[in-house]
Amino acid sequence: MERRILALSVLAALVAVHVVSAMRIPVGAFNDDALFILLAKALRQGAFAWPDAAGRPLSDPLPGFPLLLMLPVWAVEPAWGLLRGVGVAAAWACVLLTWRIARRHLPPAWALSAAALAAVNPVLVGLGGLVIPDTVFVALALALFLLLPECASSRKARIALAVGAGLAALIRPQGVALVLSLAASLWYIRGPLLGLGFLISGFVPLGLWSLRNEYLAASMSGFWDNWRSQIVRFQDPSQQTDHAGRMIASLFGEGFLGLADFAFPLQFGAGALVLALSALGTARLLKQSKDRGGMGVQIFAMAAFCALLLCLHATWELTEARYLLPLMPLLWILALGAARPNFSGKPALAGAALALLLLPALRVDLAFVRAGAVAAPSYQPRTMAWLRRRLPPKTRLQGSAFHTVTLLTGRVCTPPPQNVRSSAEWLADARREKVEFVLSAIEPFGAEFSFPRLAWLNEPQLAEWARKEGLPEVFRSEEEGTAIYQLGSNNASP
């Protein structure tokens, strides 16, 4: 009885960590989650287009997550904060599914350890409050890995697997790797006919979507175009080596183990050790499965998926820790599978090792909790209220937080141009686009969600250019770090 009370207390504390951490960023304040909410609203009107007056069709992002969001968005509008529940629920689905998969390959205590390490992972905790597809995709991928062994004998399971894989490929680009790894696994257990059939059916939804994109947007996939433009940068072996080192340090040292703010050599060394243990765990768990009369199809699929994602990120310029998320639960299972034989008969040593792994992650999580406990309930409330109150609904704005402003004010806000080099060029472009007001805002979340390749998202360039061109300032909030400048003839007043 006491053990059950302790377990429930720990579970409640971990849930509280996720919930309070999710409060630290107002929903919609991150441009990406504002975009997904806007696209979910657009889908209700039968369109998948930029939320601006032009209604230009989009080829990126993928439509699966906005499709899933349609009902929640309709139910909570305009109380967007309630959408945090989507991310938190998906995060805990990931934890539960990690435990279910680990139970098939590890002893009960080790399976619980895998789930606990997933639950406190700073990337999972940190993304919980954002309305983005990452966590939902991971939960779906884990559910498909859990279902996979049943496909050897169940036609219904194979149909469910194909439907889920097709949906996953419409939620995140990593869904392509998921379809490939599951198809290879079905080939492994049932032969090439079933494997190829699954591969084709899994890619049908994405294929149809790509044809739609080519017809309407003249691009099969914005993600594909972006990836092709980046891969050419890695033809130099020294540049590729440098990128691989940064990727290992960021994804596996910082993201997987929680070694944020530690020196690069420590992050890289720890990350390399994680990958080595995961490879060893794959071999050991595959052998263990064969020794028990199985074929290790689940482990094979998980390892193939991880390998494909590593190849993808080896040629993807950004190395943000959040890209770890699809790998994280699987790598914990594989790494613990490698470590377990070394702790056989040594429960005290195993417990100490688990505590050592939990501490760095909890350090980051508690920083999230502290931020969530004192966070503002909404994004720049005075500025957004002024825009809603003073400007007519059809007013056209420009600002770096363009999706956020569009969502929270109902006024179309477009991004600053990326191809101008002077204030005069910028002003001419703004007038061409019929921009009436410019919002200059200092990004309040530091580097946590920064975009270093797009300088205008991080620099107060708009305010400097607006002042240089003599545009009148009609609103300023020192507290929120915002200023609004007028271009058009709208007679807004402070």
Side-chain angles (χ1 to χ4, degrees), residues 18 22 25 27-44 48-51 58-74 76 80 82-95 97 118 121 123-145 163-179 202-203 205-206 209-210 213 221-224 226-227 251 255 305 308-309 312-313 316 318 320-330 403-404 407 448-449 451:
H18 280 252
I25 300 177
V27 171
F30 182 38
N31 243 338
D32 278 15
D33 67 2
L35 172 61
F36 285 114
I37 296 170
L38 289 167
L39 290 176
K41 293 178 64 177
L43 280 174
R44 294 212 311 265
F48 194 78
W50 282 106
L58 273 172
S59 64
D60 184 47
L62 291 163
F65 185 60
L67 188 66
L68 295 177
L69 272 184
M70 284 177 63
L71 182 58
V73 164
W74 171 81
V76 307
W80 304 124
L82 295 176
L83 291 175
R84 291 186 180 97
V86 173
V88 173
W92 277 93
C94 292
V95 174
L97 290 163
N121 180 264
V123 178
L124 186 67
V125 175
L127 295 180
L130 299 178
V131 189
I132 55 177
D134 302 55
T135 313
V136 172
F137 171 78
V138 177
L140 178 57
L142 290 171
L144 296 179
F145 287 128
V163 171
L167 176 60
L170 287 177
I171 293 177
R172 287 287 287 157
Q174 291 91 332
V176 172
L178 182 63
V179 172
F203 280 140
L206 183 61
W209 179 252
S210 299
N213 292 343
S221 166
F223 175 85
W224 172 250
N226 195 358
W227 181 70
L251 269 63
F305 179 63
L308 289 171
L309 288 192
L312 169 65
H313 288 295
W316 184 257
L318 297 180
E320 295 175 25
R322 75 184 182 107
Y323 293 140
L324 161 82
L325 197 58
L327 297 162
M328 183 271 296
L330 309 179
H403 295 142
T404 299
L407 175 69
E448 186 176 355
F449 298 108
F451 296 81

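The figures that follow rest on heavy atoms only: side chains count, while hydrogens, waters and symmetry mates do not.
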Handout entry: Side-chain donor or acceptor of T404 paired with backbone N/O of G28 under 3.5 Å
Key = yes

Practice task
Look at the side chain of N121 and the backbone N and O of M328, then say whether any donor-acceptor pair between them is shorter than 3.5 Å.
Solution key: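 No: the side chain of N121 does not pair with the backbone of M328.
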
Handout entry: Close aromatic pair by centroid cut-off 6.0 Å: F203 and W209
Key = no

Practice task
Determine whether the aromatic ring centres of F137 and F65 lie less than 6.0 Å apart.
Solution key: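 Ring centroids of F137 and F65 are no less than 6.0 Å from each other.
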
Which atom names give the shortest non-hydrogen contact between [X] and [Y], and what distance separates them?
| X | Y | value |
| --- | --- | --- |
| V88 | A22 | CG2-CB, 3.9 Å |
| L251 | E320 | CD1-O, 3.5 Å |
| V138 | P329 | CG1-CG, 4.1 Å |
| A90 | A139 | O-CB, 3.9 Å |
| L144 | G164 | CD1-C, 3.6 Å |
| A169 | V179 | CB-CG2, 4.3 Å |

Calculate, to the nearest 0.5 Å, the distance between atoms [atom1] and [atom2] belonging to [X] and [Y] respectively.
| X | Y | atom1 | atom2 | answer |
| --- | --- | --- | --- | --- |
| L140 | L97 | CG | CG | 9.5 Å |
| L39 | R44 | CG | CZ | 12.5 Å |
| I171 | L62 | CD1 | CG | 9.0 Å |
| L68 | L167 | CG | CG | 5.5 Å |
| D134 | Y323 | CG | OH | 8.5 Å |
| D32 | H403 | CG | NE2 | 8.0 Å |

Handout entry: Verdict with supporting geometry, L130 and T135, side-chain contact (heavy atoms from CB on, under 4.5 Å)
Key = CA-CA 9 Å; L130 299 178; T135 313; over 6 Å; no

Practice task
Test side-chain contact (heavy atoms from CB on, under 4.5 Å) on L407 and L35 and set out the steps.
Solution key: CA-CA 8 Å; L407 175 69; L35 172 61; over 6 Å; no

Practice task
Check the pair V86 / V131 against side-chain contact (heavy atoms from CB on, under 4.5 Å), numbers first and verdict last.
Solution key: CA-CA 7 Å; V86 173; V131 189; 5.6 Å; no

Would you say that [X] contacts [Y] through its side chain, given a criterion of any heavy-atom pair below 4.5 Å between the two side chains?
| X | Y | value |
| --- | --- | --- |
| L127 | V123 | yes |
| Q174 | L308 | no |
| F36 | V73 | no |
| V176 | L312 | no |
| F145 | L178 | yes |
| H313 | L318 | no |
| H18 | L124 | yes |
| C94 | L325 | no |

Exercise for the section: Show your working on side-chain contact (heavy atoms from CB on, under 4.5 Å) between R172 and V136 and close with a plain yes or no. Expected result: CA-CA 9 Å; R172 287 287 287 157; V136 172; over 6 Å; no

